[in-house]
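Throughout, protein chains are lettered first and strands after them, A, B, ... in sequence-line order, and every chain is numbered starting at 1. Atoms considered below: every heavy atom in the structure, side chains included; atoms not considered: hydrogens, waters and symmetry mates.
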Amino acid sequence: MLNIADSCAQAVAPIHDGATVMIGGFGVAGQPVELIDALIDHGATDLTVVNNNAGNGDVGLARLIQLGRVRRIICSFPRQSDSWHFDEKYRAGQIELEVVPQGNLAERIRAAGAGIGAFFTPTGYGTPLAEGKEAREIDGRHYILEHPIKADFSLTKAHVADRAGNLVYRKTARNFGPVMAAAATTSIVQVAEVVERGGLDPEAVVTPGIYVDTVVRIADPAQTDPREEL
Amino acid sequence: MLNIADSCAQAVAPIHDGATVMIGGFGVAGQPVELIDALIDHGATDLTVVNNNAGNGDVGLARLIQLGRVRRIICSFPRQSDSWHFDEKYRAGQIELEVVPQGNLAERIRAAGAGIGAFFTPTGYGTPLAEGKEAREIDGRHYILEHPIKADFSLTKAHVADRAGNLVYRKTARNFGPVMAAAATTSIVQVAEVVERGGLDPEAVVTPGIYVDTVVRIADPAQTDPREEL
Amino acid sequence: MSENTVDTVPRTSETPLAPEELARVVARDIPAGSYVNLGIGQPTLVSNYLSAEDDVTLHTENGMLGMGPEAHGDEVDPDLINAGKIPVLETPGCSYFHHADSFAMMRGGHLDCCVLGAFQVDRKGNLANWHTGKPDAIPAVGGAMDLATGAKMTFVMMSLQTKKGQSKLVEQCTMPLTGVGCVSRIYTDQAVFLIEEDGVSVRETFGTSFEELQQIVDVPLRPAR
Amino acid sequence: MSENTVDTVPRTSETPLAPEELARVVARDIPAGSYVNLGIGQPTLVSNYLSAEDDVTLHTENGMLGMGPEAHGDEVDPDLINAGKIPVLETPGCSYFHHADSFAMMRGGHLDCCVLGAFQVDRKGNLANWHTGKPDAIPAVGGAMDLATGAKMTFVMMSLQTKKGQSKLVEQCTMPLTGVGCVSRIYTDQAVFLIEEDGVSVRETFGTSFEELQQIVDVPLRPAR
């Protein structure tokens, strides 16, 4: 049954120390800024974070890392011009890093939600990221075996939810939202609007409500100019 | 580039003897009736057909089987009260059958379109359908390894296409359409309507045009009462 | 079994249950707010006993959540059918998805409960419901294996005995399996059985007693605690 | 190489090409109606030389087909960016999808062409473009490996030489690989190279000759046929 939280603080309250938390977004698009801020205030620590990046500037995920609350991060692209907090922790040996090609990251998250035990992917074969992984030739093509990435919680951002928990997204802000919501035991989603059941076109629903546990309405989410992050 | 065919006959013309052809539909919903009829008229033989069933009554796929044009069928549920043509061919040893659990069928088709070499699925483990398949325990759960099902052609039915080949479907007629279109080298789709680029909501597109090769417009497709098939 | 005696198994009906009555018993056990798949055939009767307050969302594996009741007359839409190919209706808040997404939902363990018919269930919760194993039978599995292994809880709903009087709850399935160790409860016309780690319990009986039940079923039974 | 002499390699420009000019050469080689991913950085210049008649559809791996040009001023929508995190516009007929669907599209071989930058490419089409291999570098791969192996054709667009004058087309990559045998063509400021089963061919040169090129590149070259 859908939980409609009164605040981001209430939404993230169940996140426990040591939890694996997926955080949606690619760049600023789809980044659940208010939920991440609530997680910072919440205080949970020793977290494993799954995100495409490892934080930018001094806010959001970067701030969470700066505060020493992230034990381990699984991402595709940690190093950026403004990932200084991650860089510092990493060089100091204070954060574990698992680098995963972006498509394998998305597919491993999808596999977790879809009950797939493991899958053979061509991406990464023959590269340093395949080291220690089972390789196999199938039908003349080379693959490596990748395993699902599950999470205890996911924090994502969608555009509109209905009271059945169904979600629609906006443009490229969709990115990791649908697969992360499905891969997490408890999925927490911030949306700009909540409508009644029947208020979304059933043909256009992207994330069915079965994947959504908690929704919190943030009518005017923070919108950074994408350029600021470059 | 999208080919908008003038007729179903033109749409199915490239199908060659010995081809693997996926046919969409679950029951009457999503069944590309006119395309199947065109394939019957076309004459291609020695086909491998991928469908959820093995034909009903005396029309469509059942007729194709009756005519001896299907060498092999991959499906989840061949035996039905009115699958007499399949039953006869099967008992006479004139058609090969591969039975695949419905969810594995859908996922194997998806894997073909998604470039996955093989995947571990829990479905079928410990059953006769797992015989000869690699089994593995992962994280305490038992799985078997399943491989992709590709096709040379897919025949599916959607509701509306735009001139970029983007598709939307209607209700449960969506079923196998999206994964089959992606798994076939050449995907052929019958639609009730073709609109200009921009005529579909980009957020609601289910099958992006990249997966669609040929579209044919059948304004008033045959609609059997679902009960007639039971 | 120590303190429990066989007298502790309540006989909650003086006669065996008809399918409709049994469906009501199953419905009562489905937690409010659940996502449920009712397979095809007899288990679909369960939906008749789910009320709006239960807030149960029905899944049909051909690509829909929020499936409504059967459609009749002018309501019939050939594009809107359930897994049994029966025309159905929408409910507000429903959604559509393709077959791979639908079975991913099931395989991924997102459905709380699935209710299936069965030929046989054994004491380890193994299920046989797709194939009689007769050599001349044409195998046809449909979504049975996906359903059996996918949901968080798999309930079986069946008559306890075959027409010939044999128990369908058995020591070990002799028919080809659908799924391994997947069944957690069996709802029959004569009793409700719980499949547990270390054996099979009887929760309630209908028109029979625990002792009479044990006569029919060749699996050691015990009262549920 | 028999009949072909080195004279058969056309010098199609008297000077090395600037990135914009090279982008035009790449654009000319993309078949009409293609689905194309232009990665990030220099290859994105190619889009400036694709005309409406080419009917080329651009893919951006963060979840869009039919990506339009860069957005400016009031057109900027923070929810609509490309893989380089640059705000872009829609085109009519565009569509959105999630990350797993987007990379499935790429991995499944549906994109006709992908254009990438590179640190090194070797004679077997192996690509190194994600990691210098320096021991203190923090590894970051993004979508590079998925792009390299996914498309039907992978083109590389790069300067032929490093700032220190070393050829980036090498006998065998010394930097960590991004993908194995994935590159089919290399577009550089000095020449266009074709990676073939049995060696590397030169299709055209810019401001240099075949012989001069062979001086720079430590891989046996031959004229393209």
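Taking the six-membered ring for Trp and thresholds of 30 and 60 degrees, C:His99 and B:Phe26 have ring planes inclined between 30 and 60 degrees apart.
Heavy atoms closer than 4.5 Å to chain C are found in the side chain of B:Phe86, but not in its backbone. Of the two parts of B:Leu105, neither the backbone nor the side chain holds a non-hydrogen atom closer than 4.5 Å to a non-hydrogen atom of chain C. Neither the backbone nor the side chain of C:Asn126 comes within contact range of chain B; no heavy atom of the residue lies under 4.5 Å from a heavy atom of that chain. Only the side chain of B:Tyr90 has a heavy atom closer than 4.5 Å to any heavy atom of chain C. Residue contact with chain B, scored on non-hydrogen atoms closer than 4.5 Å, is absent for C:Ser95. Using a 4.5 Å cut-off between heavy atoms, B:Arg91 touches chain C through its side chain atoms alone. Only the backbone of B:Val100 comes within contact range of chain C, judged by heavy atoms closer than 4.5 Å. Of the two parts of B:Arg110, only the side chain, counted from C-beta on, holds a non-hydrogen atom closer than 4.5 Å to a non-hydrogen atom of chain C.
Applying the side chain to side chain donor-acceptor pair (under 3.5 Å) rule to B:Asp220 yields no partners; only residues at least two apart in sequence or on another chain are considered. In this structure, the side chain to side chain contact (heavy atoms under 4.5 Å, CB included) partners of B:Arg72, at least two apart in sequence or on a different chain, are B:Thr48, B:Ile74, B:Glu96, B:Glu98.
Within the structure, salt bridge (charged side-chain N to carboxylate O under 4.0 Å, His left out) pairs that include any residue of residues 37-57 of chain C comprise A:Arg197-C:Asp55 (at least two apart or interchain).
For the residue pair C:Lys85 and B:Asn53, a side-chain donor N or O sits within less than 3.5 Å of a side-chain acceptor on the partner.
In terms of heavy-atom proximity, B:Lys171 sits nearest to C:Asp79 at CB-O, 3.3 Å. Between B:Val179 and C:Ala100, the shortest heavy-atom distance links the atoms CG1-CB, 3.6 Å. For the pair B:Asp87 and C:Ile138, the tightest heavy-atom approach, listed with the atom from each and the gap, is OD1-CD1, 3.6 Å. The minimum heavy-atom distance between C:Asp146 and B:Asn104, with the atom names listed, is OD1-N, 3.5 Å. When all heavy atoms of B:Val99 and C:Pro139 are compared, the pair lying nearest together is CG2-O, 3.5 Å. In plain terms, the two heavy atoms of B:Thr127 and C:Thr178 that are nearest each other are CG2-O, 3.4 Å.
The interface of residues 106-114 of chain C with chain B, defined by heavy-atom distances below 4.5 Å, comprises C:Arg107.
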